[in-house]
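Note: hydrogens, waters and symmetry copies are ignored here, and every other heavy atom, side chains too, is used. Just so you know, ligand 1 is whichever comes first in the structure, and atom 1 is the first atom listed for that ligand.
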Amino acid sequence: MLKKVPNVTFRTRVRDETIEGPNPFRWEDKTSDDYFAGKRVILFSLPGAFTPTCSTYQLPDFEKLYDDFKAEGVDEIYCVSVNDAFVMNAWASAQGIDKVKVIPDGSGEFTRKMGMLVAKDNLGFGMRSWRYGAVIDNGVIDMWFEEEGYSDNCETDPYGISSPQNILENLRAVKKTEAA
Ligand code: BEZ
């Protein structure tokens with residue numbers, strides 16, 4: 001059966017130059033359709049903004065490989081995390097990210113409905129996302145890359161299956177098979 005991404009509303013913060021003062025941002029609600037309808041996208045999800053593996057490898061490597069993904073027919077790359085819009089924007093800004101788009105899932109509703117919400121109370125994090133990546137076509141999951149060992153309060157942080165290098169390699173392999 002085709003699995004569609006859940007239909008939720010994300011509460012984002014966007015810059016608005018018409019707002020005066022030191023904080024020219026406003027709330028802008030975006031739905032799953034706004035992000036996924038009519039596009040082929042990569043979505044990757046991670047346990048938290050500003051955490052070491054996510055900041056050192058996963059997010060910057062997706063940014064570096066953005067053009068390679070575009071060459072494989074990907075329209076957008078999205079990074080989602082159970083963090084609010086202020087944290088996600090601050091993280092993207094601190095990392096100098098301008099190609100990958102961050103999606104704040106502060107309430108965890110999207111992650112829960114994807115079946116990927118896990119407890120990370122062992123780290124004082126509360127409920128967060130298990131690491132996964134996906135190729136999503138017009139809102140339908142086409143390829144799925146989930147780290148092994150999905151569990152609450154996992155003592156390790158497996159990373160590899162959802163890396164940009166692995167997802168790109170798989171996209172290229174599919175293209176080669178289709179061309180043969
Ligand atoms: C990391 O990205 O390295 C990390 C993620 C979650 C908890 C601790 C570390």
Side-chain angles (χ1 to χ4, degrees), residues 3 5-6 8-14 25 30 32 35-36 41-70 72 74 76-136 141-172:
K3 189 175 171 193
V5 295
V8 308
T9 299
F10 300 94
R11 306 228 59 206
T12 77
R13 298 277 303 169
V14 295
F25 288 84
K30 293 206 171 111
S32 297
Y35 287 117
F36 298 105
V41 307
I42 304 288
L43 175 72
F44 66 99
S45 188
L46 38 77
F50 291 101
T51 56
T53 303
C54 311
S55 296
T56 312
Y57 302 109
Q58 201 169 16
L59 180 59
D61 284 354
F62 269 109
E63 179 82 5
K64 278 183 214 141
L65 291 170
Y66 181 85
D67 292 336
D68 300 73
F69 279 102
K70 292 288 274 189
E72 298 306 314
V74 167
E76 299 280 3
I77 302 180
Y78 299 135
C79 170
V80 66
S81 178
V82 181
N83 289 115
D84 62 66
F86 295 97
V87 170
M88 290 303 274
N89 285 354
W91 187 37
S93 169
Q95 294 271 313
I97 298 300
D98 61 15
K99 294 174 175 173
V100 173
K101 295 188 172 131
V102 294
I103 303 181
D105 184 29
S107 70
E109 183 186 1
F110 180 83
T111 303
R112 177 171 56 80
K113 290 179 174 170
M114 287 290 281
M116 288 288 107
L117 199 63
V118 288
K120 288 207 166 281
D121 297 312
N122 58 327
L123 300 172
F125 279 22
M127 301 305 286
R128 294 296 177 100
S129 181
W130 189 251
R131 274 186 207 279
Y132 68 89
V135 180
I136 299 173
I141 297 168
D142 182 29
M143 297 168 78
W144 184 248
F145 302 88
E146 179 181 330
E147 298 297 340
E148 286 176 2
Y150 170 95
S151 52
D152 286 332
N153 299 311
C154 188
E155 288 302 335
T156 59
D157 179 26
Y159 176 62
I161 293 169
S162 65
S163 69
Q165 292 84 356
N166 186 53
I167 297 176
L168 189 55
E169 197 177 303
N170 276 272
L171 272 177
R172 286 175 174 156

Could you tell me, atom by atom, which parts of ligand 1 come under 4.0 Å of a heavy atom of Cys54?
2 (O)
With heavy atoms of Phe125 as the reference, note each atom of ligand 1 found under 4.0 Å away.
6 (C), 7 (C)
Measuring from the heavy atoms of Gly48, does anything fall under 4.0 Å of ligand 1?
no
Is it true that Asp67 and Lys70 have a side-chain N and a carboxylate O under 4.0 angstrom from each other?
no
Kindly determine whether Ser55 and Trp91 satisfy side-chain hydrogen bond (donor to acceptor under 3.5 Å, both in side chains), including the steps that lead there.
CA-CA 9 Å; Ser55 296; Trp91 187 37; 2.9 Å; yes
Using the benzene-type ring in the case of Trp, are the ring centres of Phe145 and Tyr132 under 6.0 Å apart?
no
Polar side-chain atom of Ser151 near backbone of Gly149 as donor-acceptor pair, under 3.5 Å
yes
Answer with yes or no whether Tyr159 contacts ligand 1, where contact means a heavy atom under 4.0 Å from a ligand atom.
no
Distance to 0.1 Å, residue and atom name: give those for the protein heavy atom nearest to atom 2 (O) of ligand 1.
Thr53 N, 2.9 Å
Ignoring hydrogens and angles, tell me if any N or O in the side chain of Asp105 forms a donor-acceptor pair with the backbone of Phe110 under 3.5 Å.
yes
Would you check the N or O atoms of Pro47, main chain and side chain alike, for any that come under 3.5 Å of an N or O of ligand 1?
no
So, Glu146 side chain and Arg131 main chain: donor-acceptor pair closer than 3.5 Å or not?
no
Check each heavy atom of Asp157 against ligand 1 and say whether those closer than 4.0 Å belong to the side chain, the backbone, both or neither.
side chain
When distances are taken from atom 9 (C) of ligand 1, the protein heavy atom at minimum range is Pro52 CD, 3.8 Å
Any donor and acceptor pair, going by atom type alone, linking the side chain of Tyr78 with main-chain N or O of Tyr35 inside 3.5 Å?
yes
Atom 7 (C) of ligand 1: the protein heavy-atom neighbour that sits closest, reported with distance to 0.1 Å
Leu123 CD1, 3.4 Å
Record the part of Gln58 in heavy-atom contact with ligand 1 below 4.0 Å; permitted values are side chain, backbone, both and neither.
neither
